[in-house]
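Structure first, then comments.
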Amino acid sequence: MDNNLVSLYDYEAAAKLTLPHDHWDFIDAGAMDENTARRNRSALDGLALRPRFLRDVEKLDISTTVLGSPISMPVMIAPAGGHMLAHADGELATVRGAAKSRTLMMAATNSNYTMEEIAEATTTPRWFQLYHRGREVTETLVRRAEKSGYTAICLTVDTPVPSYKERDVRNRFVRPFRLANFTGMEAAAGDEETPSWLNPGVPGLTWADLDWLRSLSALPLVLKGIRTPEDARLAVDHGVEGILVSNHGGRQIDMTLSSIETLPEIVEAVDGRAEIYLDSGIRRGSDVLRALVMGATAVAIGRPLFWGLAVDGANGVHQVLEILRRELEIALAYCGVTSVHNLGPGLISVPHGWGSGTVR
Ligand SMILES: Cc1cc2nc3c(=O)[nH]c(=O)nc-3n(C[C@H](O)[C@H](O)[C@H](O)COP(=O)(O)O)c2cc1C
């Protein structure tokens with residue numbers, strides 16, 4: 001461990017010094033006032049741990065499985081487009097870092113290396129994150145994912161229109177690198193010269209299309225970006241195997257609840273019919289513990305993977321994951337628990353008024 005890079009926040013500060021200003025902003029920014037991005041943190045910070053002592057915590061087990069794939073800890077790599085913004089080896093470095101930490105990476109549709117190149121770089125478990133780009137392109141992407149060994153399709157649903165990140169608008173940010181999966185079908189990727197906030201969202205995709213998507217492949221389906229129990233219920237009624245509770249790190253619509261605030265009611269609505277994961281704002285092992293206590297099977301990190309990449313490529317991603325591993329183990333031990341499969345009630349204190357409240 002580098003003594004100057006002790007926490008994820010140290011990686012964040014170092015990455016900010018390294019990256020070009022507009023790349024940094026693209027990675028860091030939330031939508032509009034960036035309120036949701038901040039709330040992802042403040043809501044987690046509002047949940048206090050309740051340490052328990054005089055228990056034998058010598059042997060800790062944080063390994064788990066996600067849709068049957070074993071991972072060494074309940075922390076995964078969230079799908080994010082454009083890893084070359086932070087390192088020339090892009091997604092190849094990220095997947096190698098994830099493999100070194102024996103965890104799963106969700107490879108994004110908007111990657112700078114193709115899904116086949118990412119698959120060839122390692123054998124660590126991989127899901128393919130899908131942005132629907134019309135039936136023909138989506139079918140091609142799903143078939144390629146199946147062929148190259150991805151074990152689930154993670155459909156991102158929370159982008160009906162492009163996100164409006166004002167920092168990108170001010171910077172006139174244009175994606176500097178190719179979207180490799182679209183080589184030969186550039187029209188589907190959106191015009192490279194078009195500023196990112198004008199590129200296509202995923203309009204035209206509805207619940208009715210999910211059955212069609214399922215008919216393309218036997219791979220399990222995870223919906224990413226579900227924010228309400230109403231949509232979570234619809235998702236399980238449509239037979240999805242997983243739900244990634246996420247607000248895209250606050251990068252899409254602003255002024256929503258944090259992911260962690262929506263987690264308990266989604267867990268209740270799903271009632272064990274699908275696995276539940278969470279991302280948005282995870283920066284500490286204690287955040288991982290809080291999400292697991294509230295019902296997630298595992299969490300994922302987005303921005304921190306870019307911080308690791310910017311600082312030290314594959315090794316930086318590995319180090320970021322190892323910091324979270326160490327911190328999760330510390331948090332578990334202080335709470336007197338030896339296994340992530342044994343998280344009973346009473347481990348966190350939820351203040352009055354915290355959470356989703358009444359819906360009008
Ligand atoms: C630079 C960047 C690009 C992203 N691109 C995608 C994407 O292409 N598809 C997607 O589903 N989510 C994307 N995300 C969102 C992440 O999957 C994840 O939901 C989010 O980053 C989690 O919040 P965190 O950054 O606070 O960890 C992106 C995130 C970042 C930071």
Side-chain angles (χ1 to χ4, degrees), residues 8-9 11-12 15 19 22-31 34 36-44 75-87 90-91 94 104-112 115 127-133 141 153-160 162-163 165 167-168 173 175-177 179-182 189-190 196-197 199-202 205 222-227 243-253 256 258-260 277-284 287-288 291 296 298-310 317 320-321 324:
L8 267 54
Y9 293 114
Y11 274 86
E12 178 182 28
L19 290 169
D22 59 338
H23 290 196
W24 168 260
D25 272 350
F26 176 75
I27 293 162
D28 185 56
E34 311 193 17
T36 298
R38 282 190 297 278
R39 188 165 177 148
N40 283 332
R41 278 305 322 158
S42 58
L44 278 163
V75 182
M76 309 182 280
I77 299 289
H83 293 195
M84 278 177 76
L85 286 170
H87 193 279
E91 291 80 7
T94 313
L104 181 145
M105 166 160 159
M106 299 174 225
T109 289
N110 289 348
S111 296
N112 295 137
M115 64 177 107
W127 295 348
F128 178 69
Q129 177 270 329
L130 177 66
Y131 270 142
H132 179 63
R133 289 273 183 267
L141 293 173
I153 300 295
C154 172
L155 175 72
T156 300
V157 298
D158 66 355
T159 314
S163 75
K165 288 156 62 228
R167 289 198 238 169
D168 294 343
F173 181 76
R175 285 193 303 248
F177 305 107
L179 301 188
N181 283 321
F182 294 106
S196 61
W197 65 95
N199 270 326
V202 278
L205 184 72
V222 176
L223 295 193
K224 173 173 185 278
I226 296 289
R227 318 273 177 93
I243 290 179
L244 175 41
V245 178
S246 164
N247 57 35
H248 223 111
R251 299 166 67 81
Q252 300 302 122
I253 180 174
T256 69
S258 64
S259 282
I260 193 78
Y277 324 103
L278 173 134
D279 75 26
S280 301
I282 298 292
R283 303 290 180 264
R284 289 281 186 189
D287 299 333
V288 184
V299 302
I301 52 169
R303 292 178 186 84
L305 77 87
F306 288 90
W307 306 339
L309 273 183
V317 173
V320 158
L321 288 165
L324 288 175

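Ligands are counted one by one from 1 in listed order, and the atoms in each one are counted from 1 as well.
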Glu34 and Arg167 ion-paired at < 4.0 Å: yes

Can you report which non-hydrogen protein atom sits closest to atom 7 (C) of ligand 1, along with the distance? Tyr131 OH, 3.5 Å

Classify the ring geometry between Phe173 and His23 as parallel (under 30°), tilted (30 to 60°) or perpendicular (over 60°). perpendicular

Tell me which one of Met84, Arg175, His87 satisfies side chain to side chain contact (heavy atoms under 4.5 Å, CB included) with Asn112. Met84

Looking only at protein heavy atoms, which one is nearest to atom 21 (O) of ligand 1, and what is the separation? Gly302 CA, 3.4 Å

Measure the distance from atom 18 (C) of ligand 1 to every protein heavy atom, then report the residue, atom name and distance (to 0.1 Å) of the closest one. Asp279 OD2, 3.3 Å

One pair to check against ring-ring contact (aromatic ring centres under 6.0 Å, His included): Phe306 and Trp24. What are the steps and the verdict? CA-CA 9 Å; Phe306 288 90; Trp24 168 260; over 10 Å; no

Between Gly249, Gly82, Ala107, Ser246, which one has a non-hydrogen atom sitting closest to atom 20 (C) of ligand 1? Gly249

Specify the closest pair of heavy atoms between Ala37 and Gly30, including all atoms of both residues, with the distance to one decimal. CB-CA, 4.4 Å

Could you tell me the residue and atom name of the protein heavy atom closest to atom 15 (C) of ligand 1, and the distance to it rounded to 0.1 Å? His248 CD2, 3.3 Å

Please state which protein non-hydrogen atom is closest to atom 5 (N) of ligand 1 and give its distance, to 0.1 Å? Gly81 N, 3.0 Å

salt_bridge(Arg227, Asp158) N-O dist < 4.0 Å: yes

Within ligand 1, which atoms have a heavy atom of Gln129 less than 4.0 Å away? 9 (N), 11 (O)

Closest candidate by heavy atom, reference atom 25 (O) of ligand 1, pool His23, Lys165, Arg303, Arg251: Arg303

What protein heavy atom sits nearest atom 14 (N) of ligand 1, and how far away is it? Pro79 O, 3.3 Å

Note: ligand 1 atoms sitting under 4.0 Å from heavy atoms of Ile27 are 1 (C), 31 (C)

Ligand 1 to Thr156, heavy atom cutoff 4.0 Å, flagged ligand atoms 10 (C), 11 (O)

Ranked by distance from atom 10 (C) of ligand 1, the top protein heavy atom is Lys224 NZ, 3.4 Å

